[in-house]
Participant: 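First the structure, then my questions, so here it is.
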Amino acid sequence: MSEDKLPSRSEDYNDWYNSLVIRADLADYGPARGTMIVKPYGWTLWENIQQALDRRFKSTGHVNAGFPMLIPKSFIDRETSHVEGFSPELAVVTVGGGKQLEEPLVVRPTSETIIGHTYAKWIKSYRDLPLLVNLWNSVVRWELRTKLFLRTLEFWWQEGHTAHATYEEAQEETRQMLDVYLDFARNEAAVPAFFGRKSDSERFPGADLTYSMEAMMGDKKALQAATSHNLGQNFARAFDIQYLDQNNEMQYCWTTSWGLSTRFIGAMIMTHGDDQGLILPPRLAPHQVVIVPIYKNHDEKALVMEVVERISRLLESSGLRLKIDNREGLTPGFKFNDWEMRGVPLRVEIGPRDVANESVGLARRDIPGRDGKSFVPQEGIGPVVEEILAKIQLELLERATAFRDANTHQPRDYAHFKEIVADGFAFTGWCGGEECETSIKNDTKATNRCMPFEQPKDVGLCIYCGRAAVEQVYFARAY
RNA sequence: CGGGGUGUGGCGCAGUUGGUAGCGCACCGCGUUUGGGACGCGGGGGUCCGCGGUUCAAGUCCGCGCACCCCGACCA
């Protein structure tokens with residue numbers, strides 16, 4: 001740590017983000033351009049995200065599997081729009097064991113093709129359906145401009161791949177998994193998101209329909225935080241995924257895929273973080289509570305540590321994830337700032353005064369300074385801490401929701417629209433024409449983020465061309 | 001691939017008219033400190049991005065590479 005203070009968000013949001021990722025000990029740059037090393041603190045956060053999602057996947061009937069990272073290049077070429085979408089960003093392996101390969105292999109940019117190939121072998125009968133599999137893995141996409149967590153050459157994620165007998169079932173799955181993501185984001189990460197359908201230009205290459213979750217970051221830009229695709233029969237036809245139905249007739253399957261990546265960590269950083277550093281939601285934070293002991297000499301240390309041990313046993317017994325900062329040679333003040341940088345939701349301070357008063361000091365990360373501090377009795381500390389954590393969790397969501405809504409507006413006209421998307425989200429009518437989307441993008445850098453399922457009766461006029469709108473859309477500048 | 005910039009201990013930088021490399025932070029040791037980013041003393045650490053050239057002498061001047069960063073066209 002060369003400087004004490006983080007660059008401020010208002011002065012340079014980008015610099016704030018880049019510094020914070022490093023300073024909070026989440027991740028670092030890998031030696032190859034555009035690669036990321038996720039450090040233990042960041043990975044623990046990812047593990048907590050994984051667990052929260054995995055629970056939800058299991059409870060909706062999915063099972064996990066592992067698939068190869070290397071895919072025959074010809075697989076990618078099988079589905080027309082998939083090739084077009086991914087060709088520019090493929091990493092291709094042409095040499096193996098010192099010999100030129102007969103057929104190049106690609107490092108998976110996503111697994112639809114190898115899943116298609118495999119499902120074609122696994123699925124013979126309607127009795128094999130639905131097939132509900134999820135993969136936890138990493139993928140590689142050769143991006144030009146990279147940024148830790150948001151866009152790196154390799155990133156970690158989960159990709160769900162399901163096959164169904166009917167369109168309706170596949171559609172239901174696509175929608176269900178979007179709801180799983182929304183529930184996770186809202187109730188675990190305290191990230192409120194808009195959601196809906198992607199326009200044709202923003203759709204996943206190879207999908208009939210893409211749903212997405214769009215969150216507003218602290219700089220009022222949008223971040224696509226998860227996607228769910230109804231792939232129709234596109235991959236089923238390309239890879240010949242067929243089954244015999246009850247009438248002994250061959251039918252193509254209907255497939256879906258859906259994913260959430262380590263990018264979501266970026267969403268959490270930029271939803272909750274402030275100029276002091278990260279603010280992590282208690283349900284996902286690697287440490288929910290950090291205890292900082294305070295003492296001047298050996299005698300005080302002995303007294304203080306005795307209380308620290310007792311309190312920590314108590315809190316851990318109620319299942320809290322707890323960290324005691326017993327590092328020597330660092331002042332309490334330094335430790336306060338350090339854990340604030342890392343976003344620990346609640347700090348417990350225990351010093352000689354607390355030993356004497358049978359109290360502890362509490363400091364809420366989400367309320368900086370004196371307002372977030374209080375002294376409470378050691379007696380009954382467990383329930384008090386749990387209550388505060390629950391409150392923080394709730395208030396983070398409330399705050400983020402209020403921020404999102406305060407910065408989302410319905411424009412009166414195109415001039416007003418331009419003003420809005422320069423610093424927020426616009427919700428407005430669109431004629432459905434790609435030309436209008438493109439013009440808006442060239443004009444304002446704002447893109448069509450998604451179109452909500454619930455539409456007003458009167459969708460009004462297209463904000464760009466003034467013709468009748470087909471639906472209302474969120475427009476925003478996006479990551 | 002276009003435009004701009006930078007390469008010097010782990011990180012951030014300084015290095016004058018060419019004269020044999022320094023500062024802050026971090027790191028190690030000892031001591032004093034410790035309720036909001038402590039201090040003193042001592043210490044370790046460098047193919048100055050690479051190659052070639054000019055010169056008695058190159059971090060510094062010249063040429064050619066390479067890498068990375070920022071801004072544009074593509075993207076979870």
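Just so it is clear: chains get the letters A, B, ... in the order the sequence lines come, proteins before strands, and each one is counted from 1.
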Participant: Could you tell me whether the phosphate oxygens of B:A76, OP1 or OP2, come under 4.0 Å of any side-chain nitrogen or oxygen in A:S261?
Facilitator: no

Participant: I'd like the C1' distance from B:G5 over to B:G29, given in whole Å.
Facilitator: 42 Å

Participant: With rounding to the closest Å, how many angstrom separate the C1' atoms on B:U33 and B:G4?
Facilitator: 49 Å

Participant: Count the heavy atoms of every other residue, nucleotide or ligand shown that sit under 6.0 Å from CD of A:E306, and state whether that count exceeds 12.
Facilitator: no

Participant: When you compare the ring of A:F334 with the six-membered ring of B:A38's base, are the centres less than 5.5 Å apart and the planes under 30° from each other?
Facilitator: no

Participant: Heavy-atom nearest nucleotide on RNA chain B for A:E340 versus A:Y479: which residue maps closer to 5'?
Facilitator: A:E340

Participant: Roughly how many Å apart are B:U47 and B:G63, using the P atom of each and rounding to a whole number?
Facilitator: 27 Å

Participant: Which is true for A:L260 with a 4.0 Å heavy-atom rule: it touches a base, it touches only sugar-phosphate, or it touches nothing?
Facilitator: nothing

Participant: Would you say A:R186 has more than 12 foreign heavy atoms packed within less than 6.0 Å of its CZ?
Facilitator: no

Participant: Suppose you measure atom P in B:G10 against the same atom in B:C49; what distance do you get, rounded to whole Å?
Facilitator: 13 Å

Participant: Could you check whether any side-chain heavy atom of A:R263 comes within less than 4.5 Å of a side-chain heavy atom of A:W157, counting everything from C-beta outward?
Facilitator: no

Participant: Tell me which residues in residues 344-365 of chain A put a heavy atom below 4.0 Å from RNA chain B, sorted by number, or none.
Facilitator: A:R347, A:E349, A:G351, A:P352, A:R353, A:D354

Participant: So if I apply the salt bridge (charged side-chain N to carboxylate O under 4.0 Å, His left out) rule between A:D338 and each of A:R347, A:K323, A:R327, which one comes out positive?
Facilitator: A:R327

Participant: Taking atom C1' in both B:G19 and B:G59, what distance in whole Å separates the two?
Facilitator: 13 Å

Participant: Among the nucleotides B:A73, B:G37, B:C74, which one has an atom lying closest to any side-chain atom of A:L144?
Facilitator: B:A73

Participant: Take atom P in B:G46 and the same atom in B:A38, then report the distance between them in whole Å.
Facilitator: 30 Å

Participant: Could you work out which one of B:G37, B:G36, B:G35 sits closest to the side chain of A:P332?
Facilitator: B:G35

Participant: Using only modelled atom types and a 3.5 angstrom limit, is any donor from either the side chain of A:K296 or the base of B:G35 paired with an acceptor on the other?
Facilitator: no

Participant: With respect to the side chain of A:T331, which nucleotide from B:A38, B:G35, B:G36 is positioned closest?
Facilitator: B:A38

Participant: Looking at residues 266-293 of chain A, who's got a heavy atom less than 4.0 Å off RNA chain B?
Facilitator: none

Participant: Closest approach to the side chain of A:K441, judged atom by atom: which nucleotide of B:A76, B:C74, B:U34 is it?
Facilitator: B:C74

